[in-house]
Amino acid sequence: MTKEENEARLEKLKGIVRALPEKPGSYQYYDADGTIIYVGKAKNLKARVSSYFHTEVDRFKTKVLVSKIWDISYTVVNTEEDALLLENELIKKYNPRYNVLLKDGKTYPSICVSNELLPRIFKTRTINKKWGTYYGPYSHIGSMYAVLDLINTLYHPRTCRQPITQEGIHQGKYQLCLEYHIKNCKGPCVAKQTIEDYRKNIEQAREILKGNTRQVLQMLRSEMEKLASDLRFEEAEEVKQKYLLIDSFVSKSEVVSHTINNVDVFTITNDERTAFINFLHVSNGAINQSFTFEYKKRLDENPEELLQLAIVEMRERFKSQAKEIIVPQELNINLDGVTVTVPQRGDKKTLLELSEMNGKQYKFDRLKQAEKLNPEQKQVRLMKELQEKLRLTKLPYQIECFDNSNISGTDAVAGCVVFKGLKPSKKDYKRYNIKTVEGPDDYASMQEVVRRRYSRMLEEGTPLPDLIITDGGKGQMEVVREVIQDELNIDIPIAGLAKDNHHRTNELLYGFPPITIGLKTDSELFHVLTRIQDEVHRYAITFHRDKRSKHQLHSELDEIKGVGPKSKEALIKHFKSVKRIKEADIQEIASVIGESKANILVNYFREQP
């Protein structure tokens, strides 16, 4: 598109905008092919649509949207609520490219009560309203099974799928099955249970599925008292057991005062690309609906816009008639006969916090699922978290960590481990013999190793790490900084892992002067950092042991004339240590290196003091 064509396009759109009414309604944007690419709603159509064409619009995604618009249409409605409803319908109908994408919960199961003479109650993931009435969907599968178990225990609905008719029952066409004999069904198909009694149980089950458990309890209590007054104690006891089961179930789901009735709760948990909006419906103090919707962002939608969209979507989906909506922030939304509340304390605030917890848990679960399918996603997330914590200019993809190992300054060595993408890159590990330091001086040893490593990397043009982690506190960080910044004049971020009095790593340090970075010791990131620390310990100590072992072997065996390297290697391979060689008899030694060399070895050890 040429500059002239673009200017003509914008002029045409601004002409449409100038003619828009200052009334509530829904507006639609079309691309060059006449396809709807965005649907919006507004309390004032002219003011809202004109805001897209202001020169000071600086949101990148909004600029992209405006660059694709070739035409605008709109629909005027009477109220802001009608605008919300119309926007929701158009988004569902056209699924515009730049609107928030609702990830439907069709994969979550619902509970169906079938439309049959003797209704069945079962879980399903297929919704067909011709088959029956659906309750759900249930994002927490455990809750769904708890409700089904309660209903099956209380009312024993049939599980067979054969079509049963009243005529068939009268004609004796059906036979009792195993479910009857194990007391999971009362045999309505052979008139062991009347149709009226069966359907009465199903109606009570429906009330439980709706969350109206207190009404069921009141009904059962009245029935129990009536049976007892008529001296029908066995039947009263059966009703009592049902009452106790439901009462136990209700007590587990009770979260607030039962005076809170018929209330919807909405909260939002955001990240860069996705919004997770949790919906709770509370009836008689108990939660009977809980669901989290996932919205994929297309533009830079703010929480208020997303909540407004979700409120309309969820109330329609769950057929909610609640007269009060609880939300975490003030919303510019007017629904006929509905009060919007932002609680600050009390039971309603508790409900809000519970909803937020559900939304965050859902987000966490989705993240875990994604990371199982793509393990690298977890590493990227943790690297970004570390970058944010330390305020690094680039992602810490390559991390290097150092550790020294010696015993009273003898056989002093150091190890450097390299992690790339938070995974060990063992081919890049390096071992160092300390050459210039006499005695046990960890600081000087660290400086020697760091100086040798990064001087060579600079000479060879090898890519430098994105972060250095020292195994120690402020002292180790400072000696590394002196070499990296003062001597070599290179800029590599330096962090430190400090230990407490019990020699347990308990904090991450960064900066000069170093400060403690707020990081929970039970967090995933902290575990990754301590794993790096453990790996460099292991690597350095293994190298030190190997060197010490070789040194000891040299002092004991290499002084014996007549026993060469191959014989020494064979002895160590067979006996594992010099001590065992000394303790062995001459015949066993001779079986390894021959009789003459065995005599030389035994005579040498006998002459030693």
Side-chain angles (χ1 to χ4, degrees), residues 111-123 132-136 138 143-160 164 166 169-170 174 176-177 179-263 281-289 319 321:
I111 294 176
C112 177
V113 180
S114 63
N115 294 332
E116 297 175 89
L117 175 70
L118 299 175
R120 293 176 296 125
I121 300 177
F122 56 91
K123 76 176 183 72
T133 306
Y134 293 85
Y135 300 88
Y138 290 87
S143 300
M144 181 195 68
Y145 280 119
V147 174
L148 280 174
D149 287 344
L150 175 68
I151 289 171
N152 290 332
T153 303
L154 287 170
Y155 303 117
H156 307 292
R158 70 185 182 95
T159 57
C160 59
I164 296 175
Q166 202 155 10
I169 296 173
H170 293 322
Y174 313 111
L176 290 171
C177 64
E179 291 296 302
Y180 172 80
H181 295 293
I182 62 176
K183 302 186 185 302
N184 285 343
C185 179
K186 294 185 177 181
C189 58
V190 294
K192 294 285 186 182
Q193 181 185 21
T194 66
I195 294 175
E196 291 74 18
D197 183 54
Y198 184 91
R199 293 177 75 91
K200 184 184 80 171
N201 286 346
I202 295 298
E203 288 308 310
Q204 289 186 12
R206 288 180 189 274
E207 292 303 312
I208 291 174
L209 290 169
K210 292 176 185 176
N212 298 330
T213 47
R214 292 191 176 276
Q215 295 178 19
V216 178
L217 283 173
Q218 291 170 2
M219 186 169 54
L220 288 175
R221 187 176 185 88
S222 299
E223 184 181 355
M224 179 175 62
E225 290 172 351
K226 185 177 184 306
L227 289 169
S229 65
D230 293 342
L231 306 181
R232 296 157 63 185
F233 298 115
E234 290 185 5
E235 294 174 64
E237 179 62 25
E238 288 182 13
V239 176
K240 179 184 175 183
Q241 293 306 316
K242 290 182 180 180
Y243 180 93
L244 292 175
L245 274 171
I246 298 176
D247 189 53
S248 174
F249 177 80
V250 170
S251 65
K252 290 176 183 177
S253 61
E254 191 86 41
V255 290
V256 290
S257 167
H258 66 266
T259 56
I260 296 181
N261 182 39
N262 200 20
V263 170
H281 180 73
V282 182
S283 179
N284 294 316
I287 295 172
N288 56 39
Q289 291 286 0
K319 304 295 186 289
Q321 300 297 321

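Quick caveat, the model's predicted, so the values are computed rather than measured.
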| said: Would you say that Arg158 contacts Gln193 through its side chain, given a criterion of any heavy-atom pair below 4.5 Å between the two side chains? | reply: no

| Taking all atoms of both residues into account, what is the closest heavy-atom pair of Gly187 and Leu176, and its distance? | CA-CD2, 4.1 Å

| field | For the student: nearest non-hydrogen atoms of Leu118 and Cys189, plus distance | value | CD1-N, 4.3 Å

| Non-hydrogen side-chain atoms of Phe122 and Ser114 separated by less than 4.5 Å | yes

| query | Does Asn184 reach the side chain of Thr159, with side-chain heavy atoms less than 4.5 Å apart? | reply | no

| task | Rounded to the nearest 0.5 Å, what's the gap from CG on Leu148 to NZ on Lys123? Could you check? | result | 9.0 Å

| task | State, with a plain yes or no, whether a side-chain heavy atom of Asp230 is found less than 4.5 Å away from one of Glu235. | result | no

| request: Would you confirm whether Tyr198, through its side chain, and Pro119, through its main-chain N or O, come within 3.5 Å as a donor-acceptor pair? | output: yes

| query | Using 4.0 Å as the upper bound for N to carboxylate O, is an ion pair formed by Glu196 and Lys200? | reply | no

| field | Atom pair CG (Leu154) and CD (Gln241), whose distance is rounded to the nearest 0.5 Å | value | 10.5 Å

| said: Distance check, rounded to the nearest 0.5 Å: Thr133 atom OG1 versus Ile202 atom CD1? | reply: 11.5 Å

| Closest heavy-atom contact between Gly132 and Cys112? | CA-SG, 4.2 Å

| said: Taking Leu117's backbone N and O only, do any of them form a donor-acceptor pair with Arg199's side chain (distance below 3.5 Å, no angle check)? | reply: yes

| request: Report yes if the side chains of Asn152 and Pro157 come closer than 4.5 Å at any heavy-atom pair, otherwise no. | output: yes

| task | Decide yes or no for Lys240 and Glu237: does some side-chain heavy atom of the first lie under 4.5 Å from some side-chain heavy atom of the second? | result | yes

| query | To the nearest 0.5 Å, what is the distance between CG (Leu209) and CG (Leu150)? | reply | 9.5 Å

| query | Is any side-chain heavy atom of Ile169 closer than 4.5 Å to a side-chain heavy atom of Tyr174? | reply | yes

| Going by an N to O cut-off under 4.0 Å, is there a salt bridge joining Lys226 and Glu223? | no

